[in-house]
Amino acid sequence: MDNRTLAGCFEQIADLLELKGENVFKIRAYRSAAETIGAWADPVGALDDLALRAVPGIGKDLAAKIRELASTGRCAYHEELLAEFPVTLLEVLKLQGVGPKTAALLFRALGIATVDALAAAARAGQLRELKGIGPKKEALILKAIDERRLDQGRHLLAETATLAAELIAHLQQQAPAVTFVPVGSLRRGSETCGDLDILAVGGDATLMDTFVAHPRVERVLAHGDTKSSVRLQGGYQADLRLVPPASRGAAMQYFTGSKAHNIALRDRALRLGLTLNEYGLTRLDDGTTVAGETEEGLYEALGLAWVPPELREDRGELEAAAGQSLPALVSFGSLRGDLHMHTTASDGRDTIEAMAAAAQARGYAYIAITDHSKALAMANGLDERRALEHAARVRALNGRYEGLTLLAGIECDILEDGRLDLDDECLAALDFVVASVHSRFNQEPRQMTDRLLRAMACPWVDAIGHPTGRLLLRRDAYTFALDEVAAAAGRHGVALEINSQVDRLDLNDVHARAARTHGVRFLVSSDAHSTAALGNVQWGVQVARRAWLDDDAILNTRPLDAFRAALRRHRPAPVSRGASE
DNA sequence: GCCGTTTTCGGCCCGACTGTTTTCAGTCG
């Protein structure tokens, strides 16, 4: 049983317990366990009891339920709860403005168990008869039902960033003196964003009027003096919060989250006799404010180093901040090269020359041109002869772009059985090879693992491209033993790619961090199919930061000579570990 | 249901906005 299924089950249990009106802390325990499991790199279903109990937020009971689910595929407690409330009621619970109290009331008083039944009752004016629900609430519920499709799902980080920039530009024009900061999951660089949070520092309530009047606003969910929420066309929810300058740091911290990080931080504050909210950090005894103007000051007052937003997920960053052992994260400007891009020779939109000129303009010292190999016929992939001719054209351009070295590479398909799409002689004649899976994603995990291991056994494979094959919001990763593959990559010196395409971001933060423990080195690559897409590396760098990676972990932060020397093909052969390799 | 730099019991983060109310409950983030 995979982590997502386990997390989904705990999430449902939490929802059902809320409907029941159970102890809020018990509910929180299930919810935080779901979140932890969902982001755990290894399959927790395979862990033994001892290892399970070491997972934060998993105690005796939850460990037992995980083992029950992993071994039987079922959870008696979950089924017991589902006997009390129909599973369809959970859809009602997801509606904007409908919480557990309302959903339980609807079910108990009117027998409403589905969104359709709720819609019918609302249209018939039956809801307003219930205690605590009036005509306005009834109308809001009908609206929420209409909008639920739009409300579903999350959005790509890059899209969210573009939208945030647009909204902030609009607000900034109306209020030039106010500082606007995108916060929430966008500031943390989370791969998808559920909504969009913007913080305004030092303005007045008229800012809220400007915000809700933006032409993309479809519906105003809340409109107060310091907080407003709107739904935008396309299903986004956006929130604007206003705080005074003295609270800038506290508010940035508070609204950046994550929720789990904030809870842990406030817990720490309480233990120090302090209380933390979006306005500042104050002493419990006499109410004096000790920090709040800057984030740095706030963390310092709690005895912590400032935590980069990308790390604020309650995954050990507070302990590291307390011990002054946070990593020096790779920075956005530290990439010196890009090792994955396509040209018109296969499915790219621009020529080698155009890509090289754009890379030079970005200040890169080196790039590898890596068009597709022949198995990807759809993309006009190159066979051995074309690959070598193409390589000659790439190399012939060296000297033409000052400061930039072009490497002749290939993105070589990993075939069904782990063989490579081009012969060894051809691969050996190139400067750089990234090997990727583009077909047969549904192989059994064991088969997929062996496929990747076999590909890495080829001495000319320098890197594995988009190692898990997932497409954000569209296609799950193919399943394989990441641990085993990462261990082999670390041993052979094969780099794993952090692919920066906005809907790939593959490896992701959790997997990259786990792979690093095996000594793996990474490449942050654009996989650009046009000159414009070279800039996507910013998202890959953000993933690397979320994975706690420093410059040393990223091969393409090195100058050309050091980069070359670190490539698998130029490293001394690893000590033989037996015939199996 | 979890957890321990006061603790194996008794805690567990905090505030804005809305609607239905006459002082607050529910929802959301």
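In what follows, chains carry the letters A, B, and so on, assigned in the order in which the sequence lines appear, proteins first and then strands, with residues in each chain numbered from 1.
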Counting side-chain heavy atoms from C-beta on, which of B:dT20, B:dC17, B:dC28 comes nearest to A:Thr226?
B:dC17
Is the shortest heavy-atom distance from the side chain of A:Glu84 to the side chain of A:Leu16 under 4.5 Å?
no
When you look at CD of A:Gln173, are more than 12 heavy atoms from neighbouring residues, nucleotides or ligands closer to it than 6.0 Å?
no
Atom P, compared across B:dT23 and B:dC28: separation rounded to whole Å
25 Å
Base, sugar-phosphate, or nothing for A:Val98, non-hydrogen atoms under 4.0 angstrom?
sugar-phosphate
Rounded distance (Å) that lies between atom P of B:dC17 and atom CG of A:Leu140:
17 Å
With nearest nucleotides of DNA chain B determined for A:Pro100 and A:Gly57 from heavy-atom distances, which residue corresponds to the more 5′ nucleotide?
A:Gly57
Pairwise C1' distance for B:dC12 and B:dT6, with rounding to whole Å:
16 Å
Identified salt bridge (charged side-chain N to carboxylate O under 4.0 Å, His left out) counterpart of A:Glu191 within the set A:Arg546, A:Arg504, A:Arg470:
A:Arg470
Between B:dC12 (P) and A:Leu265 (CG): distance, integer Å:
16 Å
Rounded off to whole Å, could you give me the CZ-to-P distance for the A:Arg268 and B:dC3 pair?
18 Å
Would you indicate, yes or no, if B:dC2 has its OP1 or OP2 atom less than 4.0 angstrom from a side-chain nitrogen or oxygen of A:Ser32?
no
At under 4.0 Å between heavy atoms, what does A:Ile27 touch on the DNA or RNA strands: base, sugar-phosphate, or nothing?
nothing
With sugar-phosphate meaning primed atoms plus P, OP1 and OP2, does A:Arg271 contact a base, only sugar-phosphate, or nothing at under 4.0 Å between heavy atoms?
nothing
When the P atoms of B:dC17 and B:dT22 are considered, how many whole Å apart are they?
23 Å
Assign the ring pair A:His214 / A:His170 to parallel, tilted or perpendicular, where the plane angle (0 to 90°) is split at 30° and 60°.
perpendicular
Which of the following nucleotides, B:dT27, B:dG1, B:dC28, is nearest to the side chain of A:Phe25?
B:dG1
Under 4.0 Å between a side-chain N/O of A:Lys65 and OP1 or OP2 of B:dG1, yes or no?
yes
What nucleotide, of B:dG1, B:dG29, B:dT18, holds the atom closest to the side chain of A:Asp195?
B:dG29
Once you round it to whole Å, what is the distance between C1' of B:dG11 and CZ of A:Arg28?
11 Å
On DNA chain B, compare the nucleotides closest to A:Asp197 and A:Ala63; which residue's is nearer the 5' end?
A:Ala63
So, does A:Ser229 get its side chain near the phosphate of B:dG29, meaning an N or O under 4.0 Å from OP1 or OP2?
no
Under 4.0 Å between a side-chain N/O of A:Gln237 and OP1 or OP2 of B:dC28, yes or no?
no
Below 30° counts as parallel, above 60° as perpendicular, anything between as tilted: where do the rings of A:His261 and A:Tyr299 land?
tilted
What nucleotide, of B:dT27, B:dA16, B:dC12, holds the atom closest to the side chain of A:Tyr279?
B:dA16
A:Asp503 and A:Arg475: CA distance, side-chain angles, deciding distance, salt bridge (Lys or Arg N to Asp or Glu O under 4.0 Å) verdict
CA-CA 10 Å; A:Asp503 59 350; A:Arg475 184 174 79 204; over 6 Å; no
By nearest atom, which of the nucleotides B:dC17, B:dG1, B:dC14 is closest to the A:Leu270 side chain?
B:dC14
Using the side chain to side chain contact (heavy atoms under 4.5 Å, CB included) rule, pick out the option among A:Glu313, A:Arg315, A:Glu310, A:Gln542 that qualifies with A:Asp509.
A:Arg315
With rounding to whole Å, what would you report as the distance between B:dC14 and B:dC9 at their C1' atoms?
25 Å
Atom NZ of A:Lys136 to atom P of B:dT21: distance rounded to whole Å?
12 Å
Describe the nucleic acid contact of A:Asn262 in one word from base, sugar-phosphate, nothing, applying a heavy-atom distance below 4.0 Å.
nothing
Within the structure, does a side-chain N or O atom of A:Lys227 lie under 4.0 Å from either OP1 or OP2 of B:dA16?
no
Hey, does the side-chain of A:Tyr254 have a donor or acceptor N/O within less than 3.5 Å of a partner on the base of B:dG29?
yes
C1'-based separation of B:dT8 from B:dG4 [nearest Å]:
8 Å
Integer-rounded Å distance: B:dC28 C1' and A:Arg231 CZ:
13 Å
If you define the side chain from C-beta out and look only at heavy atoms, does anything of A:Arg545 sit under 4.5 Å from A:Phe332?
yes
Using whole Å, what does the distance between atom C1' of nucleotide B:dC28 and atom CG of A:Leu95 come to?
14 Å
Can you tell which of B:dT27, B:dC17, B:dG29 lies closest to the side chain of A:Lys259?
B:dG29
Touch check for A:Lys131, heavy atoms < 4.0 angstrom, all strands: base, sugar-phosphate only, or nothing?
nothing
Take atom P in B:dT21 and the same atom in B:dG15, then report the distance between them in whole Å.
27 Å
Assign A:Thr275 to base, sugar-phosphate, or nothing according to its heavy-atom contacts below 4.0 angstrom with the strands shown.
sugar-phosphate
Considering only the C1' atoms, how many Å lie between B:dA16 and B:dG10, rounded to the nearest integer?
30 Å
Could you state the CG-C1' distance from A:Asp239 to B:dT27, rounded to the nearest angstrom?
13 Å
I want to verify a distance call: between B:dA16, B:dC14, B:dT20, whose nearest atom is closest to the A:Arg241 side chain?
B:dA16
